[in-house]
Number of protein chains: 2
Amino acid sequence: MADIKMPTRLLFLREEELRQGIELLYFAYRDFTRGPDEILSEYGFGRAHHRVIYFVGRHPGMTVSDLLGILRITKQSLSRVLGQLVEEGFIIQDKGERDRRQRLLTLTEKGVELERQLSQNQRERIARAYRNAGADAVEGFRQVMLGIVDEADRARFDRPREPGA
Amino acid sequence: MADIKMPTRLLFLREEELRQGIELLYFAYRDFTRGPDEILSEYGFGRAHHRVIYFVGRHPGMTVSDLLGILRITKQSLSRVLGQLVEEGFIIQDKGERDRRQRLLTLTEKGVELERQLSQNQRERIARAYRNAGADAVEGFRQVMLGIVDEADRARFDRPREPGA
DNA sequence: TTTTTATGTCAGCCATGTTGACTCATTTTC
DNA sequence: GAAAATGAGTCAACATGGCTGACATAAAAA
């Protein structure tokens with residue numbers, strides 16, 4: 001449908017624009033993860049541990065299924081890293097009250113501290129990019145990124161409300 | 001510096017905004033890579049092969065060093081996947097004319113076809129997101145993403161010029 | 001001529017994904 | 001109340017793709 005009477009130079013621009021989009025995602029992600037990776041290696045942890053710590057910090061009391069749904073990995077893969085994090089005292093598991101089969105996950109103080117250390121690096125990087133680009137650009141960024149995310153997960157990004165507002 | 005007389009609710013909004021930024025990157029990247037991953041597995045390839053095919057397609061005749069610089073992995077890691085791609089006829093290596101130590105990398109026809117198949121999925125995803133968000137949003141997306149990328153690599157995203165313009 | 005550079009190679013390690021099979025406790029359904 | 005479904009965990013084996021270290025070769029640069 002895009003090739004109905006479109007001059008070659010416009011096709012070229014479009015192709016180039018889309019490829020730059022692909023590469024922005026690749027380079028941004030590559031650079032975005034390097035900071036935390038370095039910190040993690042001091043603890044003998046990897047990126048998988050970071051993801052677990054991040055999302056448990058973000059959703060205290062979440063279940064193992066919730067976490068599996070976000071990470072989209074198998075429970076066997078998760079269990080390895082989660083087990084280590086529990087073992088080493090970064091996360092605690094409590095039986096659910098409503099459903100006692102569930103294991104509700106929460107960061108310990110130690111876990112909270114590591115989480116902050118890890119995400120601080122990323123928050124700073126994002127903050128700098130937002131500040132330099134300006135509010136309108138940030139809104140555009142949000143919209144495009146939301147469009148790239150699978151429809152099923154977009155609801156996670158509903159507008160935040162002020163606490164008590 | 002951000003904590004000079006800033007009301008709690010604004011701090012909360014800022015924190016929430018930054019965390020959403022972190023998560024947009026995580027979810028977008030996760031979903032962006034799944035399509036190609038499925039195609040690749042039919043060939044017995046992985047994401048690493050995709051990256052090599054992509055960048056060689058993007059920069060025909062690039063050297064091994066160039067590629068290592070982009071991927072930021074060791075030559076031993078690269079050699080595994082690159083070797084397979086050469087072996088199976090997706091990439092050819094030619095000695096450099098100016099410097100005969102170099103191996104200049106180019107996609108074969110077969111390689112070009114696989115590259116298109118792989119990136120088509122991603123181009124479509126980006127195109128849809130761009131279309132739905134609109135031109136201004138795309139510009140904002142570009143600016144923010146560029147701010148996230150390490151300064152050293154931003155020059156890769158200089159504005160494209162029309163061929164022959 | 002010596003040194004440096006671009007590339008390749010062998011060997012082994014680690015992190016993190018996968019599948020498949022099975023257990024256990026608890027909740028839900030009939 | 002018995003049977004089925006669900007949430008979670010475990011063991012074993014395997015694949016991918018990072019890593020380090022040591023060494024080899026050809027060509028360019030000093």
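Residue numbering restarts at 1 for every chain, and letters A, B, ... go by the order of the sequence lines.
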K.L.:
Please enumerate all residues that pass side chain to side chain contact (heavy atoms under 4.5 Å, CB included) together with A:A137, with sequence neighbours excluded.
P.N.:
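With sequence neighbours excluded, A:A137 shows a side chain to side chain contact (heavy atoms under 4.5 Å, CB included) to A:A133, B:Q143, B:V144, given in chain and number order.
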K.L.:
In chain order, what residues pass the side-chain hydrogen bond (donor to acceptor under 3.5 Å, both in side chains) check against B:E113, with sequence neighbours excluded?
P.N.:
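If we apply the side-chain hydrogen bond (donor to acceptor under 3.5 Å, both in side chains) test to B:E113, skipping adjacent residues, there are no hits.
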K.L.:
For A:Y26, give me all partners under ring pair (Phe, Tyr, Trp, His ring centres under 6.0 Å), at least two apart in sequence or on another chain.
P.N.:
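Scan of A:Y26 (ring pair (Phe, Tyr, Trp, His ring centres under 6.0 Å), adjacent residues dropped) gives B:F55.
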K.L.:
What residues form a side chain to side chain contact (heavy atoms under 4.5 Å, CB included) with B:D31, not counting sequence neighbours?
P.N.:
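With sequence neighbours excluded, B:D31 shows a side chain to side chain contact (heavy atoms under 4.5 Å, CB included) to A:R72, A:V149, A:D150, B:R34, B:R125, given in chain and number order.
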K.L.:
Distance-only check: which donor-acceptor pairs under 3.5 Å involve side-chain atoms of residues 58-69 of chain A, not counting sequence neighbours?
P.N.:
| residue | atom | partner | partner atom | Å |
| --- | --- | --- | --- | --- |
| A:R58 | NE | B:E23 | OE2 | 2.4 |
| A:R58 | NH1 | B:E16 | OE1 | 3.0 |
| A:R58 | NH2 | B:E16 | OE2 | 3.2 |
| A:R58 | NH2 | B:E23 | OE2 | 3.3 |
| A:T63 | OG1 | A:S65 | N | 3.4 |
| A:T63 | OG1 | A:D66 | N | 3.0 |
| A:T63 | OG1 | A:D66 | OD1 | 3.4 |
| A:T63 | OG1 | A:D66 | OD2 | 3.2 |
| A:D66 | OD2 | A:T63 | N | 3.1 |

K.L.:
Under 3.5 Å, which protein N or O atoms sit close to an N or O of nucleotides 28-30 of chain D? Give each pair with its distance.
P.N.:
| residue | atom | partner | partner atom | Å |
| --- | --- | --- | --- | --- |
| D:dA28 | OP1 | B:R100 | N | 3.2 |

K.L.:
The side chain of A:K75 is closest to which nucleotide in this list: C:dG17, C:dC22, C:dT9?
P.N.:
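Shortest atom-to-atom distance from the side chain points to C:dC22.
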K.L.:
With DNA chain C as reference, determine whether A:K95 or A:V81 sits nearer its 5' end, using the nearest nucleotide of each.
P.N.:
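The residue mapped nearer the 5' terminus is A:V81.
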K.L.:
Please round to 10 degrees the angle between the axis of the first five pairs and the axis of the last five pairs in the helix from C:dT1-D:dA30 to C:dC30-D:dG1.
P.N.:
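Computed from the C1' atoms at both ends, the axes differ by 30°.
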K.L.:
Given C:dT7, C:dT16, D:dG21, which nucleotide is nearest the side-chain atoms of B:Q76?
P.N.:
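Among C:dT7, C:dT16, D:dG21, the one nearest the side chain of B:Q76 is D:dG21.
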K.L.:
Hey, is the side chain of A:R72 pairing donor to acceptor with the base of C:dG17 inside 3.5 Å?
P.N.:
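It does not, because no donor-acceptor pair links the side chain of A:R72 to the base of C:dG17 below 3.5 Å.
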K.L.:
With sequence neighbours left out, write down each residue that passes side chain to side chain contact (heavy atoms under 4.5 Å, CB included) with A:T108, or none if nothing qualifies.
P.N.:
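With sequence neighbours excluded, A:T108 shows a side chain to side chain contact (heavy atoms under 4.5 Å, CB included) to A:I92, A:K110, given in chain and number order.
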K.L.:
Measure from the side chain of A:I73, starting at C-beta and using heavy atoms only, and say which of C:dT7, D:dA8, C:dT18 lies closest.
P.N.:
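From the listed options, C:dT18 comes nearest.
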K.L.:
Near DNA chain C, under 4.0 Å by heavy atom, which residues of residues 45-52 of chain A?
P.N.:
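Per residue number, the list reads A:G46, A:R47, A:A48, A:H49, A:R51.
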K.L.:
Could you work out which one of C:dA6, D:dG17, C:dT19 sits closest to the side chain of B:R80?
P.N.:
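So the nucleotide nearest the side chain must be D:dG17.
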K.L.:
If you look only at pairs with a residue in residues 86-100 of chain A, which of them pass as a salt bridge (charged side-chain N to carboxylate O under 4.0 Å, His left out), with sequence neighbours excluded?
P.N.:
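Only A:D99-A:R101 qualify under salt bridge (charged side-chain N to carboxylate O under 4.0 Å, His left out).
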K.L.:
To the closest 0.5 Å, what do you measure between CZ (A:R51) and CG (A:L71)?
P.N.:
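The CG atom of A:L71 is 7.0 Å from CZ of A:R51, to the nearest 0.5 Å.
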K.L.:
Return the set of residues passing ring pair (Phe, Tyr, Trp, His ring centres under 6.0 Å) with B:Y29 (not counting sequence neighbours), or none when no residue passes.
P.N.:
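With sequence neighbours excluded, B:Y29 shows a ring pair (Phe, Tyr, Trp, His ring centres under 6.0 Å) to A:Y29, given in chain and number order.
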K.L.:
Which residues pass the side chain to side chain contact (heavy atoms under 4.5 Å, CB included) test with B:D136, sequence neighbours left out?
P.N.:
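Result, side chain to side chain contact (heavy atoms under 4.5 Å, CB included) vs B:D136: none returned.
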